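Note sheet for the following structure.
For the numbers below, each heavy atom of this structure counts, side chains included, while hydrogens, waters and symmetry mates do not. Just so you know, these numbers come straight off a predicted model, no measurement behind them.
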Amino acid sequence: MSEDELFAEDMRNAMLNMRRYILNSKPHIKKYNHYRKVHADILESMASYVFNGKYDFGKYIDELNKDREDSSFENLKGFDLSSDNPDDVSIIAELFVYKNLKEVPSVTEIYLEKNKFKNADKVKLLKAMNESYVGLFKVTDIDFDNAYVTYEDVFTHKKFKVIDISMSAFSKVDDDNPIYMYNRVITVDGISFGTGIHCNLSYKNKEFRKFLKEHDYNESTDFFRCLTLYEISKKTKDKGVRYNTQF
């Protein structure tokens, strides 16, 4: 990164910190900050659970590949995810922490079944995670003053007003260059926020436009849709898949 880029990044972070300071007095932001911390604590616990070998996601992929003759499964062999790649790790987390295939138990489901948490807010958020919504979204509105960003699912047209301090500060709705992303939305205690996959896609990308035109939403699964869009993102320099800590 050049000196100019480092300076620009420092300025951006300074502006973001000032913005957080101004927003933190708002009730919905206080609630948001609280649940984001709870969410981070839950994910940390789940990461330990997986890395300690208590949940073998590789086994489930192998089982799905063996059942390829069953038309209810997509061919997963073309997707190569590595635990050594931080972008891939965020996708692995999305695919297995949350429910994406009916045949594969999610870590969230397992935590609920095992009553892993006693803390009321963790239990509440865990249930919200289990009921969360994932999709390919287009940003249709941004409320700078209150840090709200409106997502609209491209296929179902369902809308969510999510809190995103960073995006609401530095992005704008532009019909000539719309913002598309694959993300998961959690709603708890009257607020919604994204989990932070941030798989960003550009409408200028021909492969993405073809996907929008030809994708059969009802005949596909969230598991396959996530992997497909991730591959498109990786091939086109649009990749921005990561768990974003700068909300």
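- A distance of 8.5 Å separates OG1 of Thr221 from CG of Leu227, quoted to the nearest 0.5 Å.
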Please determine whether salt bridge (charged side-chain N to carboxylate O under 4.0 Å, His left out) holds for the pair Lys210 and Glu207, giving the CA-CA distance in whole Å, both sets of side-chain angles, and the decisive distance to 0.1 Å. CA-CA 5 Å; Lys210 181 179 179 183; Glu207 190 174 356; over 6 Å; no

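- Residues Lys234 and Glu231 are paired through a salt bridge, judged by an N-O separation under 4.0 Å between the basic side chain and the carboxylate.
- For the side chain to side chain contact (heavy atoms under 4.5 Å, CB included) with Leu43, the lone residue among Thr195, Val97, Val107 that qualifies is Val97.
- Placement of Leu95 and Ile110 within a single hydrophobic cluster is found when ILVMFWY residues are connected by side-chain heavy-atom separations under 4.5 Å, directly or transitively.
- Put simply, the side chain of Phe211 reaches to within 4.5 Å of the side chain of Ile232, judged on heavy atoms.
- Using a 4.5 Å cut-off on side-chain heavy atoms (C-beta onward), Val154 and Phe137 make no contact.
- A side-chain N or O of Asn100 and one of Arg184 form a donor-acceptor pair less than 3.5 Å apart.
- Across all their heavy atoms, Asn183 and Ile197 have their closest contact at OD1-N, 3.5 Å.
- Both Val173 and Leu201 belong to a common hydrophobic cluster when Ile, Leu, Val, Met, Phe, Trp and Tyr are linked at side-chain heavy-atom distances under 4.5 angstrom.
- A distance of 7.0 Å separates NZ of Lys122 from CD1 of Ile42, quoted to the nearest 0.5 Å.
- Under the 3.5 Å distance criterion, the side-chain polar atoms of Ser220 are left unmatched by any main-chain donor or acceptor of Asp216.
- Counting heavy atoms from C-beta on, the side chains of Phe170 and Met15 come closer than 4.5 Å.
- Heavy atoms of other residues, nucleotides or ligands lying less than 6.0 angstrom from OH of Tyr203 number 12 at most.
- Looking only at distances, no side-chain donor or acceptor of Ser233 sits under 3.5 Å from a matching main-chain atom of Leu229.
- Atom CD of Glu214 has more than 12 neighbouring heavy atoms from other residues, nucleotides or ligands inside a 6.0 Å radius.
- Taking all atoms of both residues into account, the shortest heavy-atom contact from Ile186 to Ala128 is CG2-CB, 3.9 Å.
- When Lys127, Glu113, Met46 are each tested for a side chain to side chain contact (heavy atoms under 4.5 Å, CB included) with Thr108, only one passes: Met46.
- Remark: the Arg19 side chain and the Ser166 side chain contain no N/O donor-acceptor pair separated by less than 3.5 Å.
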Criterion side chain to side chain contact (heavy atoms under 4.5 Å, CB included) on Ile165 and Tyr32, from CA distance to verdict: CA-CA 10 Å; Ile165 295 173; Tyr32 164 78; 3.9 Å; yes

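- Under the 4.5 Å side-chain heavy-atom criterion for Ile, Leu, Val, Met, Phe, Trp and Tyr, Tyr217 and Leu212 are members of the same hydrophobic cluster.
- The OG atom of Ser168 sits 9.0 Å away from the CG atom of Asn146 when rounded to the nearest 0.5 Å.
- Considering only heavy atoms from C-beta on, Thr150 stays 4.5 Å or farther from Val162 through its side chain.
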Step by step, would you call Phe208 with Lys213 a side chain to side chain contact (heavy atoms under 4.5 Å, CB included)? CA-CA 9 Å; Phe208 179 53; Lys213 183 178 180 180; over 6 Å; no

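- Two rings, from Phe117 and Tyr111, have their centers less than 6.0 Å apart.
- Atom CZ of residue Phe96 and atom CG of residue Asp56 lie 9.5 Å apart, to the nearest 0.5 angstrom.
- A heavy-atom distance below 4.5 Å is found between the side chains of Arg225 and His215.
- With ring centers used as reference points, Tyr148 lies 6.0 Å or more from Phe160.
- No single ILVMFWY cluster, assembled from side-chain heavy atoms under 4.5 Å apart, contains both Met18 and Met167.
- Summarising the geometry, atom CG belonging to Leu23 is positioned 5.0 Å from atom CD1 belonging to Ile29; distances are rounded to the nearest 0.5 Å.
- Ring centroid separation for the pair Tyr230 and Tyr182 does not come in under the 6.0 Å cut-off.
- Scored by the side chain to side chain donor-acceptor pair (under 3.5 Å) test, Lys124 finds Asp189 as partners (sequence neighbours excluded).
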Show the numbers, then the answer: is there a side chain to side chain contact (heavy atoms under 4.5 Å, CB included) between Met129 and Leu126? CA-CA 5 Å; Met129 289 168 65; Leu126 199 60; 4.3 Å; yes

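- A 4.5 Å side-chain heavy-atom check between Asp222 and Tyr98 finds every atom pair outside the cut-off.
- If you check the side chains of Asp10 and Asn13, you find no donor sitting under 3.5 Å from an acceptor.
- In this structure, Asp174 and Ile179 have side chains that are not in contact, with every pair of non-hydrogen atoms separated by 4.5 Å or more.
- Of the residues listed (His34, His28, His39), the one engaging Phe193 in a ring pair (Phe, Tyr, Trp, His ring centres under 6.0 Å) is His39, and it is the only one.
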Check the pair Ser192, Ile163 against side chain to side chain contact (heavy atoms under 4.5 Å, CB included), reporting the backbone distance first and the verdict last. CA-CA 6 Å; Ser192 297; Ile163 300 172; over 6 Å; no

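- In this structure, Lys99 contributes its side chain and Leu101 its backbone to a donor-acceptor pair below 3.5 Å.
- The two residues Asn177 and Lys204 have their closest heavy-atom pair at OD1-CE, 4.3 Å.
- If you check the side chains of Thr156 and Tyr133, you find a donor sitting under 3.5 Å from an acceptor.
- One distance of note links CG of Leu136 with OH of Tyr180; it measures 8.0 Å at 0.5 Å rounding.
- Looking at Val139 and Met181, their side chains come closer than 4.5 Å, going by heavy atoms from C-beta outward.
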